[in-house]
Amino acid sequence: MLSLATLIASVADAGSPALIPAPQTMVAGTGTFALKPSTSIRANAASEATANSLAERLRQATGFTFKVKSLTGTNVPKGDILLTTANANTNLGAEGYEMTVTGNGVVLRAPEQAGLFYGVQTFLQLLPPEVFSTSPSKLVDWAVPCVRIEDQPRFAWRGLLLDVSRHFLTVDEVKQFIDVMALHKLNVLHFHLTDDQGWRLEIKKYPRLTELGSVRKESPKPGNREQGDGTPYGPFFYTQDQIRGLVAYAQARHITIVPEIEMPGHLLGVLTAYPEYSCTGGPFEMRTRWGIEKDVLCMGNEKSLAFMKDILTEVLELFPSQFIHIGGDEVPRDRWKECPKCQALMKAEGLTREAQLQTWFNHRIETFLADKGRRMIGWDEILEGGLTPGAAVMSWRGTKGGLEAAEAGHDVVMAPNTHVYFNEDQAIDPDEPSDRIGRVIPLERVYAYEPVPPQLGADKRQHILGTEGCLWAETLKSVKEVEYNAYPRAAALAEVAWSPAALRNYDDFSLRLREHEKRLAALNVTFRRESYTRIGGWTPAQITTNGVTLEWDVPRFVTGPGSVIARLDYVKGNASIRTAWVAVLLDGKEVGRDTHAGYASWKEAKSTYAIAVPASTRGTRYTLRAYVTGTGGTDSTGSVQLKYKSTKLAP
Ligand code: ACM
Ligand code: ZN
């Protein structure tokens, strides 16, 4: 048994493979295995499809036509790659694998194809990043370091949400997104198909849903979201055949598509097409602004339930996933309060609060799904009227709902908007203009996220199924923007969800990320490259509620004249940080200061400072100094990021 310190050292070793997510255990050997045009891939019968997927990637990147041969007998010829389920260690579970790379060959074993597929992803990351190239690379030395890996995921649910309602993505774009998820061993694509701004799924029984629901007259104007942009959007939707194709494509990559059909709110697609299921009778049209729609499904109309069940019947035929997401977030009760039918239902059922109407409805939907062998999952608002017994919860309004649900014995997926809402910006940066006015969720905060709330009882921890990053698409208008917001934060999330918590180390991850960026680039993924350098941080022990002066060494690449941009990022804790000023010192003497009130918390990041620095001479040293105060306590951990712009000298 290797000690944890050895493992961390072996992962952090700059010479060791830069795997993301980090495997459970990895022991580096000496030497390399050379992939050659003559290398064969051998697979037992069960593993041929997985072997073909490896061969296909290798062919694309190397131009060599690797053969997949069936394994006859037990002896693997020298120099080959073996993929097999035979004699696999069943303790590795359905997603685990073990891999040994020696100079003589590669042996990859897993009890199930999912594990074998993840072993292939790891094997690809052991190769040079050019292996992800979409056209043959000129590289000739396809060497793989000798290594022994045993690996399995920490969590079963490792998800990302795509919001194709607000901005649609084509089938090909979703496929590319799925490919990149697979590289990160992410396994749930939460497909937000319906909302007030667009209904994107063909339903044969109710064609008006897409006829009317997949178009909106306009969208909010960038920069002034109270106004419309005057440009019709749509019709955009997926046919049922396209969905079947996507589901199969994802399945081949061991990704489950969990459809989300929002009810009883966020469903203007239904009301626009079929206003008889509203409380007021309409008419309605698809929302052209972001935000929450007051018109929701009428609970008192006895046909509402049957209508939603009809829709779900078609959804279940298309999506084999165990979980079906029914939304349930942000359901205003205004219409139910005024609707005679809804009020009559409350009376008949003995309900005292409108919120209980949602529970009443959910319970029926849940039973309907359970009868068909499926499970219901919804946003944490479904807790409000009392949770139905088998429901699973997706905790988005922080972690409180998730904690409460898990304590009560419900399964939970953690998707807190404080840590994993990737629609938020990654940094406040004058060089990165953004239409978004929300919060900032830096990479380091995602990486520091712990999905199991520390307060949760040990006997309840198994209820935390995992975690999911959300890419709400109100302002993400194209797949490029979606990718840019997803990566590298989704790579950090992948490590949070897959790797042992004890292995997590941000400095080490940052090192591996530099190599990983080359893989993303080879795959033509659009991603954010951090242009700041982390120069240090702060911990609760340094923070006081009276204010304190903190200092950090400035790296040597700062040689004035020019300007320093400093960013104070919240990473974790309950306290917020107020900053009064940030200054630069040259050999202990202040040479520049930016004084303005800054603030950093999970909600807000207004903490960027620009300081002009004069010329330095050889041997002099800059220091960054800030005056910060803990607000709401001292429990704050943060990170200080710095960027430098040299003043261009006149020619
Ligand atoms: C949500 O962000 N309304 C789930
Ligand atoms: Zn009603």
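Worth saying up front: this structure is predicted, and the values here are computed from it rather than measured.
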### Task
Report the C-alpha distance between Glu330 and Trp396 in whole Å, list the side-chain angles of each, state the deciding distance to 0.1 Å, and finish with yes or no for side-chain hydrogen bond (donor to acceptor under 3.5 Å, both in side chains).
CA-CA 11 Å; Glu330 301 173 323; Trp396 74 278; over 6 Å; no
How many angstroms lie between atom [atom1] of [X] and atom [atom2] of [Y], to the nearest 0.5 angstrom?
{"X": "Met308", "Y": "Leu267", "atom1": "CE", "atom2": "CG", "result": "5.5 Å"}
{"X": "Asn423", "Y": "Glu481", "atom1": "CG", "atom2": "CD", "result": "12.5 Å"}
{"X": "Ile377", "Y": "Gln322", "atom1": "CD1", "atom2": "CD", "result": "10.0 Å"}
{"X": "Lys460", "Y": "Gln455", "atom1": "NZ", "atom2": "CD", "result": "14.0 Å"}
{"X": "Glu384", "Y": "Gln358", "atom1": "CD", "atom2": "CD", "result": "7.5 Å"}
{"X": "Asp196", "Y": "Phe284", "atom1": "CG", "atom2": "CZ", "result": "11.0 Å"}

### Atom NZ of Lys372 with >12 non-hydrogen neighbours under 6.0 angstrom
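Yes, because the 6.0 Å sphere around NZ of Lys372 holds more than 12 heavy atoms from other groups.
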### Message
Counting only heavy atoms not in Glu302 (residues, nucleotides, ligands), do more than 12 fall under 6.0 Å from its CD?
### Response
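Check fails, neighbour count at 12 or below.
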Could you tell me if the side chain of [Y] sits less than 4.5 Å from the side chain of [X], heavy atoms only?
{"X": "Ile382", "Y": "Met376", "value": "yes"}
{"X": "Trp290", "Y": "Asp195", "value": "no"}
{"X": "Asn362", "Y": "Leu387", "value": "no"}
{"X": "Val496", "Y": "Met414", "value": "no"}
{"X": "Phe323", "Y": "Val413", "value": "no"}
{"X": "Arg375", "Y": "Asp411", "value": "yes"}
{"X": "Val452", "Y": "Arg154", "value": "yes"}
{"X": "Leu162", "Y": "Val482", "value": "yes"}

Over all atoms of both residues, closest heavy-atom pair of [X] and [Y]:
{"X": "Asp295", "Y": "Arg335", "value": "OD1-NE, 2.7 Å"}
{"X": "Gly281", "Y": "Pro275", "value": "O-CB, 3.4 Å"}
{"X": "Pro416", "Y": "Gly398", "value": "CB-O, 3.6 Å"}
{"X": "Tyr118", "Y": "His254", "value": "OH-O, 3.6 Å"}
{"X": "Ala250", "Y": "Ile178", "value": "CB-CD1, 3.9 Å"}
{"X": "Gln197", "Y": "Arg289", "value": "NE2-O, 2.9 Å"}

Do [X] and [Y] meet the cation-pi criteria used here (NZ or CZ under 6.0 Å from the six-membered ring centre, within 45° of the axis)?
{"X": "Arg208", "Y": "Tyr277", "result": "no"}
{"X": "Arg253", "Y": "Tyr249", "result": "yes"}
{"X": "Lys480", "Y": "Tyr484", "result": "no"}

### Query
Taking Phe191 as the fixed residue, which of Leu246, Leu161, Val258 is the one that meets the side chain to side chain contact (heavy atoms under 4.5 Å, CB included) rule?
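The option that passes is Leu246.
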### Query
For the side chain to side chain contact (heavy atoms under 4.5 Å, CB included) test, which of Val164, Asp163, Ile257 pairs with Leu193?
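That would be Val164; it is the only one of Val164, Asp163, Ile257 passing the side chain to side chain contact (heavy atoms under 4.5 Å, CB included) with Leu193.
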Using only atom types and a distance under 3.5 Å, with no angle test, would you say the side chain of [X] pairs donor to acceptor with the backbone of [Y]?
{"X": "Glu218", "Y": "Gly230", "value": "yes"}
{"X": "Gln343", "Y": "Lys337", "value": "yes"}
{"X": "His410", "Y": "Ala391", "value": "yes"}
{"X": "Ser304", "Y": "Cys298", "value": "yes"}
{"X": "Glu366", "Y": "Gly390", "value": "yes"}
{"X": "Ser214", "Y": "Arg200", "value": "no"}
{"X": "Thr399", "Y": "Gly402", "value": "no"}
{"X": "Arg216", "Y": "Arg166", "value": "yes"}
{"X": "Thr194", "Y": "Glu262", "value": "yes"}
{"X": "Arg489", "Y": "Tyr447", "value": "no"}

With a 6.0 Å cut-off on ring centres, are [X] and [Y] close enough?
{"X": "His192", "Y": "Trp379", "result": "no"}
{"X": "Phe168", "Y": "Tyr233", "result": "no"}
{"X": "His184", "Y": "Trp498", "result": "no"}

### Message
side-chain hydrogen bond (donor to acceptor under 3.5 Å, both in side chains) for Glu48 and Gln113? Distances and angles first, verdict last.
### Response
CA-CA 10 Å; Glu48 268 168 28; Gln113 290 309 302; over 6 Å; no
### Task
Show the numbers, then the answer: is there a side-chain hydrogen bond (donor to acceptor under 3.5 Å, both in side chains) between Lys185 and Thr122?
CA-CA 9 Å; Lys185 303 184 173 77; Thr122 299; 2.7 Å; yes
### Message
Please determine whether salt bridge (Lys or Arg N to Asp or Glu O under 4.0 Å) holds for the pair Arg244 and Asp241, giving the CA-CA distance in whole Å, both sets of side-chain angles, and the decisive distance to 0.1 Å.
### Response
CA-CA 5 Å; Arg244 275 187 276 270; Asp241 276 347; 3.2 Å; yes
### Task
Under the salt bridge (Lys or Arg N to Asp or Glu O under 4.0 Å) rule, what do Glu314 and Lys205 come out as? Steps first, then yes or no, please.
CA-CA 9 Å; Glu314 294 193 28; Lys205 188 161 182 185; over 6 Å; no
### Task
Apply the test side-chain hydrogen bond (donor to acceptor under 3.5 Å, both in side chains) to residues Glu95 and Asn187: give CA-CA distance (whole Å), side-chain angles for both, the deciding distance (0.1 Å), then the verdict.
CA-CA 10 Å; Glu95 295 187 303; Asn187 68 348; 3.1 Å; yes
